[in-house]
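Counting starts at 1 for both ligands and their atoms, following the listed order. These values consider heavy atoms only, across backbone and side chains, with no hydrogens, waters or symmetry-generated copies.
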Amino acid sequence: MDLEYLNSEILKNYINGKWVDSTTDETRDVINPASGEVLAKTPICTKEEALETIKAAKEAFWKWRTTPAQSRIRYLYDFRDALEENFDDLVEVVTKEHGKTLDESRGEYRRAIENVEAATHIPSLQMGYNFEEIASGIDEMVIKQPLGVFFCVAPFNFPVMVPAWFWPYAIATGNTYIVKPSDQCPISMVKQFEILDEIGLPKGVVNLLHGGPEVVNALVESPDTVGLSFVGSTKVGKLLYKKCGEVGKRVQVQGGAKNFITIMPDANIDRTVPNLITSFFGNAGQRCLAGGVLLTVGDVHNPLKEKLIESTKQIKVGDGMDEDNHMGPLASEAGMKKVLEYIQKGIDEGATLVLDGRNVRDDESLKNGFYVGPTIFENVSPEMSIAQEEIFGPVMPIVNVKNLDEAIEVIHNNPYGNASSIFTSSGKSARDYQYLVKAGNIGINIGVAAPIATFPFSGMKDSFMGDLHGQGKSGIDFFTEDKVVITRWFD
Ligand code: NAD
């Protein structure tokens, strides 16, 4: 496998089993955020190229749908093996184009592989059910059938894992697929398709199409696609959810987040602090499951804050390729500027900056990258922008509340509901939290409540639109239609 970096080449699409140059004149630079170096260019493809891709996936559908499931999943086993063989090289590509540390890229790849493995269980996951004698001599059954061409529109922050929440299940259930990766971080997906090409998956079964709104709109509007899995900002997600509704398309939208983490006075502080550091500052805060606001309950505030500051100061910021570093840069210049703006807003709105991550920018060796170090605010009120809006960076706003009821009220006044965690040694507080808090993924003494592949990746309120989540049984239902068959045989 050729894992040379692409030296500013324009990336190709993978359509109908072939690498194809785009006809567009418009490109976007893919930049290594640790150094500012241009790694490649993403073609911002056209509507015509989207239609060509849909045609290929549609033509491949019937042959693939009539291929027995056991044969379909054999390709996934081969793919999994190839990922393992090339693991270290593939991990490097994620770090180069995204900026996260090698260890974080390994974690991302592990999750992607887990999804490929889960999709190999399709012969049991896709089973229907039946019941005999619903009336005299009559039986009834449900079979779960594939539907056609599905596609995903993916974000920049997990360029490999997020598409893997969808495409392996879609093709294992007998559908064909189009991946539209983030135009900011598309190289990792190109590398995945190089492997898919090598293992000889039949042409048209999975396709890679680069671009932005023009191709996404064409995919949504086409009568020849059946469903969209979108992961990205709530703003774009809402737009696409509405469009899918208008054209009658299946859709699951996993949107933005502001995740609240509540620390009760009875929490084990020493065990809690490392979890909080990972939750708020892991992946430089660019996780949809990242801690967004820390809610300290009562007098846990001061002792927790002191330990947090002390531990956070130990985080070494730098190029993710260096194993000694704990945190890489933000993934883009725009992302960095947004974080810096929020830090300024926090100061302007009256919060107290107790750890200023902007200082890392004084380091000469980091000057070409998009670095902001871990930042902590206290005296934050729930109405402030830094406590309300998704920053998507390494910023921890701390809001002190009186009790659990007040914590839950603050959480419920926020529009998002992706994840929320409580740290406590009380079963009663934990149970109340899981029962009451309106968030799709709840952590109890867990800082990043990330479901494994066999559970749905949930989300509520503005963090999710649709009925069926990605992964788990929900994911299988999304990619299949239940057909009911009622039978009677005469003498
Ligand atoms: P984004 O919304 O800017 O882009 C996501 C995708 O949509 C990209 O592929 C992009 O090319 C495409 N796109 C952008 N504008 C579009 C438009 N007008 N019409 C059609 N398509 C368009 O998101 P991002 O910045 O890449 O990702 C970060 C966001 O993703 C954060 O809000 C984060 O919380 C969210 N996210 C959510 C989850 C989840 O599971 N809920 C997981 C990961 C990331």
| said: Among all the protein's non-hydrogen atoms, which is closest to atom 17 (C) of ligand 1, and how far away is it? | reply: Pro213 CG, 3.6 Å
| request: Please work out which of Asp183, Val216, Ile44 has its closest non-hydrogen atom nearest to atom 21 (N) of ligand 1. | output: Val216
| task | Taking the six-membered ring of Tyr241 (Phe, Tyr or Trp), confirm whether the NZ or CZ of Lys238 is under 6.0 Å from its centre and within 45° of its axis. | result | no
| message | I want to confirm something. Looking only at heavy atoms, which of Val236, Leu240, Leu219, Asn259 is nearest to atom 14 (C) of ligand 1? | response | Val236
| request: Identify the protein heavy atom lying closest to atom 6 (C) of ligand 1, giving its residue, its atom name and the separation to 0.1 Å. | output: Ala154 O, 3.4 Å
| Between Trp165 and Gln254, does a side chain to side chain contact (heavy atoms under 4.5 Å, CB included) hold up when you go through it step by step? | CA-CA 11 Å; Trp165 287 344; Gln254 300 185 205; 3.1 Å; yes
| Just by distance, with hydrogens left out, do Thr454 and Gln471 show a side-chain donor and acceptor under 3.5 Å apart? | no
| field | Side chain, backbone, both or neither: Glu390 near ligand 1, heavy atoms under 4.0 Å | value | side chain
| query | Are Tyr177 and Trp167 close enough that their ring centres sit under 6.0 Å apart? | reply | no
| Axial cation check for Phe370 ring with Arg361, 6.0 Å and 45° limits | no
| note | Numbered in order shown, the ligand 1 atoms found under 4.0 Å of a heavy atom of Val153 are 6 (C), 7 (O), 9 (O), 12 (C)
| task | Determine whether any heavy atom of Ser182 lies closer than 4.0 Å to an atom of ligand 1. | result | yes
| task | Please check if any side-chain donor atom of Glu383 sits under 3.5 Å from a side-chain acceptor atom of Ser381, or the reverse. | result | yes
| query | Among Ile261, Ile411, Ile263, whose side chain to side chain contact (heavy atoms under 4.5 Å, CB included) with Leu295 holds? | reply | Ile411
| query | Has Phe158 got any heavy atom lying under 4.0 angstrom from an atom of ligand 1? | reply | no
| Quick one: does atom 41 (N) of ligand 1 have a protein heavy atom under 4.0 Å from it? | yes
| query | With a 4.0 Å cut-off on heavy atoms, is Tyr416 touching ligand 1? | reply | no
| field | Test item: side-chain donor near acceptor, Glu49 and Ser22, under 3.5 Å | value | yes
| task | Record the part of Phe464 in heavy-atom contact with ligand 1 below 4.0 Å; permitted values are side chain, backbone, both and neither. | result | neither
